[in-house]
Amino acid sequence: MDEPAADLPLRDVVAALESLYPLDTAADWDRVGLVTGDPDQPVRRVLVALDPTLEVIAEAAAWGADLLVTHHPLLLRGVHSVATTTAKGASVTALVTAGVALWVGHTNADVADPGVSTVLADALGLLRQRPLSTEGGHPAGRVGELPEPVALSDFAAAVAAALPDTAAGIRVSGDPDATVSTVAVMGGSGDDRFDDVRASGADVYVTADLRHHPVLEAREEARGGRPFLVDAGHWATEWLWTANARDRLVSALEQPGGATRVETRVSTIRTEPWTFVVGANAARDDRVAPEPGGVS
């Protein structure tokens, strides 16, 4: 008769996570690793999500998760109170009272191999991948080749199909009929990497959180040409990592003889903050601008 599977302590699951995403590879400003939880508590269920929102924490508690693994930190900036009068305080209280430990892998997951951008590049079908740049001596972002050149408009449609649906969709800057074949990607915010993108020779750059002034300057530098830009949204470009992280954790926890058993799943909650858009694509070149009005 087989012996029942032994409980796995949190410290062992954390060790597995940190073998995949070492804490010393995180940026100096980042706050990663174990946030709440007793290293000796047993872990039978692990929920993986992008953001530790109140709704995600409630999902973890309702499912009976012992550990919540997220990409984005809960306490990135200092707090002086965890009273439930604030969202951060309510989050910490909910985790502790439900017995749900929280572990965060942020910039250390960005630079891992595979990391957030690797998963994004794979989802877009990029071949012959290489790092876009380095972050603290570790690879950051990816550059790769499409199986065959395509029009920018077709590529943008492929990006939309490869990523989870969002309220805002994706924004594109460039000639829709231009041909692209070399693609740079950076999951999450990436408008600080334009120099690296230009140096990479990429035809198009897929990232998120592109701000007006950096983008305008980048497009001016390109004189309307390459690299073209695709803003696919922060949540969408990083969410694919959650399933990859779950699968890698399961593999890391495998032990001979079924000594342990941990159930895992990816959160079903969409933590993208946007809910709807109005007037998308209204400012097209084929539409006449309205009269400015007023007194001349």
Side-chain angles (χ1 to χ4, degrees), residues 10-11 13-37 39 46-54 56-57 60 67-82 86-89 91-92 95-96 100-121 131-142 184-196 207-211 214 232-246 248-249 252 266-267 271-273:
L10 176 60
R11 67 174 71 253
V13 183
V14 168
L17 285 164
E18 293 177 3
S19 71
L20 301 171
Y21 311 108
L23 301 188
D24 61 4
T25 63
D28 292 341
W29 52 263
D30 207 1
R31 298 294 178 265
V32 297
L34 190 62
V35 179
T36 65
V46 179
L47 181 68
V48 183
L50 196 69
D51 298 284
T53 63
L54 285 165
V56 167
I57 293 169
L67 172 62
L68 173 61
V69 174
T70 67
H71 178 51
H72 292 139
L74 175 63
L75 303 174
L76 182 59
R77 297 175 179 83
V79 297
H80 304 288
S81 169
V82 291
T86 67
K88 296 295 184 185
S91 298
V92 172
L95 287 165
V96 172
V100 180
L102 172 63
W103 187 90
V104 172
H106 191 209
T107 51
N108 49 325
D110 288 333
V111 301
D113 187 14
V116 172
S117 293
T118 316
V119 175
L120 175 58
L132 171 63
S133 60
T134 59
E135 184 75 40
H138 304 286
R142 304 293 284 177
V185 303
M186 175 70 74
S189 302
D191 64 13
D192 60 342
R193 301 285 175 167
F194 288 141
D195 287 343
D196 296 323
T207 187
D209 297 345
L210 295 182
R211 296 167 295 166
H234 199 122
W235 178 80
T237 58
E238 294 191 323
W239 182 81
L240 297 174
W241 171 84
T242 56
N244 179 267
R246 186 268 312 274
R248 295 190 72 203
L249 176 60
V266 172
S267 174
T271 54
E272 177 196 24

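The shown structure was predicted, so the numbers you read here are calculated from the model rather than taken from an experiment.
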Listed pairs under 3.5 Å, donor-acceptor, residues 105-115 side chains, sequence neighbours left out:
residue	atom	partner	partner atom	Å
His106	ND1	Asp30	OD1	2.9
His106	ND1	Asp30	OD2	3.2
Thr107	OG1	Ala27	N	2.9
Thr107	OG1	Asp30	OD2	2.6
Asn108	OD1	His106	N	2.8
Asn108	ND2	Tyr21	O	2.9
Asp110	OD1	His71	NE2	3.4

Could you tell me which residues satisfy side chain to side chain contact (heavy atoms under 4.5 Å, CB included) with [X], sequence neighbours excluded, listed by chain and number?
X: Asp192; answer: none
X: Ala49; answer: Val56, Leu68, Thr70, Ser267
X: Thr86; answer: Lys88
X: Val266; answer: Trp239, Thr242, Ala243, Arg246

Does some side-chain heavy atom of Leu23 sit less than 4.5 Å from a side-chain heavy atom of Thr25?
-> no
Below 4.5 Å, heavy atoms only, C-beta onward: do Arg142 and Leu132 meet side chain to side chain?
-> no
For [X], enumerate each residue passing the salt bridge (Lys or Arg N to Asp or Glu O under 4.0 Å) test, keeping only those at least two apart in sequence or located in another chain.
X: Asp51; answer: none
X: Arg211; answer: Asp191
X: Glu135; answer: Arg193

Measure across Ala87 and Leu54 and return the closest heavy-atom pair with its distance rounded to 0.1 Å.
->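 Distance-wise, the nearest heavy atoms are O-CD2, 4.1 Å.
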Nearest-0.5 Å distance that lies between atom OG in Ser91 and atom CG in Leu74 =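 One finds 5.0 Å between OG of Ser91 and CG of Leu74.
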Measuring from Leu17:CG to Leu34:CG, what's the distance to the nearest 0.5 Å?
->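 One gets 9.5 Å once the value is rounded to the nearest 0.5 Å.
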Quick one: list whatever passes side chain to side chain donor-acceptor pair (under 3.5 Å) with [X], sequence neighbours left out.
X: Thr207; answer: none
X: Asp195; answer: Arg198
X: Arg31; answer: none

Glu238 and His72: side-chain hydrogen bond (donor to acceptor under 3.5 Å, both in side chains), yes or no, with the steps?
-> CA-CA 10 Å; Glu238 294 191 323; His72 292 139; 2.8 Å; yes
All ring pair (Phe, Tyr, Trp, His ring centres under 6.0 Å) counterparts of Trp103, not counting sequence neighbours =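 Applying ring pair (Phe, Tyr, Trp, His ring centres under 6.0 Å) to Trp103 gives none.
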